[in-house]
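Data block below; observations after.
In each ligand, atom 1 is the first atom listed, and ligand 1 is the first ligand listed.
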Amino acid sequence: MRTQVGIIGAGPAGLLLSRMLAVQGIESVVLENRSRDYVEARIRAGILEQHTVDTLREVGMGARLDREGLEHDGIYLQYPGTRHKLDFPELCGRNVWIYGQSEVVKDLIAAQLDDGPPLLFEVSDVQPRDVDTDSPSIAFTDADGVAQVLECDVVAGTDGFHGVSRPIVTAATDGQLWERTYPFAWLGILADVAPSTDDLIYAWHPDGFAMHSMRSPSVSRLYIQVDPTEKIEDWSDDRIWEALATRMALPGWELQTGPVTEKSILPMRSFVSSPMRHGRLFLAGDAAHIVPPTGAKGLNLAVADVTLLARALVRLLAEKETDLADAYSDKALARVWRCTHFSWWMTSMLHTHGDDFDAQLQLSQLQRVCTSEAAARELAEMYTGLPVAL
Ligand code: APR
Ligand code: PHB
C-alpha cells in the first residue's frame, strides 16, 4: 500500500486532517486500532469554538452541526449568592457551539466512508518506521490478521495520549514532557432531562465545583468535582443530583432531574510534549498534549493543530517547500501553552481543595471576572478561542 500521508488514529484530529488534506488534493490513509462503534460511542466534551465551527463548515462538515448544534452567546460564572452571565459577542465578538465530540466524529467517519480516503478500523501492531528518512512507512496488521506495510511521504501521529507515535518523537529528539495532575476529578452524567439553564453554568462551591452543560434541548450533561479516589459505585443517582442541586443552588432557581443514562469519573491532568515533530513524523491533538476539561479546550486544540499541520503538509508535498513543516512544532506549541494556561487557570479558579487561603483567592478572582470588563474579556477571548494564525 502507498499513500502520501499515513495517519495513525481516527479521533477528531486524524479524521479532520484526512478530510482537510483530501479537500486540497493530498492523499491519505487512516489506521485505527478500535472498531467504528467504539470510536463513535466515546463520550467527550461538547463545546466548539468559533474557529472549530468555521473549519468544519469549510471542509463540508457543517450541515448537521448547523441543524442540531446549539449556538451559545456566553456562560454563567457562579459563586455563593451570585450567578453572572458573561456575554461573549459583547465582550469579544465571537460565540461557541454545543455539539458533542462524538457527533463531530460520526459526521467525519460517515463522510470519509462515503467518498473520502481509506479508513481502516480494527488494525493492530501499528508501528511507524524510518521516520527520519524521506520514505517512512507504517507497519500494521489489518482486521483480517494480515501483516501490511503502508508506504508514505509523511506520518501523522494523531493516536491520542496512549498512542505509539509520541514515544518515538520523544526518544529520537530527547524531547521534553511537562505534566500536572490535579488533586480532583470530575464525575460526569448524561441525563434525559431538559437543561435547567439557557447557558452553561460553572459554579464554585465550598463542597467543590459543579457544572451544568447540555447536549440537546432534551439531554443535559452535568459534572461535579470529586476526589480522584472516589468509586462510581458509591455515587447513586440521588446522591449525584443532591450534590448538583446544593452546589448550584440559587434563590428562585431549581435544578430539574431525570433518568441518568451514563455516568463516569474522569481524571484531570495537564500534559505537554515537545517537540511535536521528528523528521517525517508529526504529532497532533492528544498525542502531544492533554488539558483538563474545565475550559473545554481539548477538541478545539486538536482542530487548531491539524489546521496548521494540513497547511504545512500541503506546502511540503504539493509545493515542495519545507518552511511551514519546519515551523509547525513551534507554532502549534505556542497555542498549546496558551490553552494549557487557560485550562489550568479555569481549573484552579473553580475547584476547591481544602485550603482556606486558596478559597479566598478563588472568590476574589471570580468577583474580578464578574465585575471587570477587562478581566471578563480575557476569559471570553480564550473561551471562544483565538483565531488560528496560519
Ligand atoms: N494505532 C491506531 N490507532 C490508535 C493507536 C494505535 N497504536 N493508539 C490509539 N489509537 C487511536 C485511538 O483509538 C483513538 O481513536 O487514536 C485515536 C485518538 O483519538 P483521540 O484520543 O480522540 O485524540 P484526538 O484525535 O487527538 O482528539 C483530541 O479527544 O481526548 C479528547 O479532549 C480530547 O477532545 C479532545 C480530543
Ligand atoms: C461538556 O458539555 O461536556 C463540557 C462543556 C464545557 C466544559 C467541559 C465539558 O468546560
Tell me which protein heavy atom sits closest to atom 5 (C) of ligand 2, plus the residue, atom name and distance to 0.1 Å. M211 CE, 3.3 Å
Ligand-residue contact atoms, ligand 2 with I47, heavy atoms, under 4.0 Å: 5 (C), 6 (C)
State the atoms of ligand 2, each with its element, that fall below the 4.0 Å cut-off from a heavy-atom position in G46. 1 (C), 2 (O), 3 (O)
With a 4.0 Å cut-off, would you call K297 and E49 a salt bridge? yes
Which segment of S213 sits under 4.0 Å of ligand 2 when only heavy atoms are counted: side chain
Closest approach of any protein heavy atom to atom 8 (C) of ligand 2, naming residue and atom: P293 O, 3.2 Å
Charged N-O contact under 4.0 Å between R221 and E262: yes
Hey, does R215 sit under 4.0 Å from ligand 2 if you only count heavy atoms? yes
Taking the non-hydrogen atoms of Y99, is any one of them nearer than 4.0 angstrom to ligand 2? no
Note: ligand 2 atoms sitting under 4.0 Å from heavy atoms of W186 are 8 (C)
Check E381 with R377, please: is the shortest side-chain N to carboxylate O separation under 4.0 Å? no
Closest to atom 3 (O) of ligand 2 among protein heavy atoms sits Y223 OH, 2.5 Å
Any salt bridge linking E242 with R239? Criterion: basic side-chain nitrogen under 4.0 Å from a carboxylate oxygen. no
Only distances under 3.5 Å count here; give the side-chain donor-acceptor pairs of residues 177-188 to other protein atoms, sequence neighbours excluded, each with its distance to 0.1 Å.
unit_1 : atom_1 : unit_2 : atom_2 : d
E179   : OE2    : R269   : NE     : 3.0
Y182   : OH     : S270   : OG     : 2.6
W186   : NE1    : H351   : NE2    : 2.9

Taking NZ, NE, NH1 and NH2 as the nitrogens, is one of them in D159 or R166 under 4.0 Å from a carboxylate oxygen of the other? no
Does this structure show an ion pair linking D326 with R277, if we count only N-O contacts that are shorter than 4.0 Å? yes
Are any of the side-chain nitrogens in D237 or K263 under 4.0 Å away from the carboxylate oxygens of its partner? yes
I need the contact type for T294 against ligand 2. Using non-hydrogen atoms and a strict under-4.0 Å cut-off, is it side chain, backbone, both or neither? backbone
Any ion pair linking D73 and K85 (charged N to carboxylate O, less than 4.0 Å)? yes
Would you mind running through ligand 2 and noting each atom that sits below 4.0 Å from a heavy atom of A296? 6 (C), 7 (C), 10 (O)
Ion pair check, R280 and D132, cut-off under 4.0 Å: no
Numbered in order shown, the ligand 2 atoms found under 4.0 Å of a heavy atom of L200 are 5 (C), 6 (C)
Taken to the nearest 0.5 Å, the spacing of D153 CG from L316 CG works out to 8.0 Å
List the protein residues in contact with ligand 1, where contact means a heavy-atom separation under 4.0 angstrom. I8, G9, A10, G11, P12, A13, L31, E32, N33, R34, R42, R44, Q101, V126, T158, D159, G160, G163, V164, G285, D286, G298, L299, A302
Ranked by distance from atom 10 (O) of ligand 2, the top protein heavy atom is Y202 OH, 2.6 Å
List the atom of A243, the atom of W235, and the distance in Å for their closest heavy-atom pair. CB-CZ3, 4.3 Å
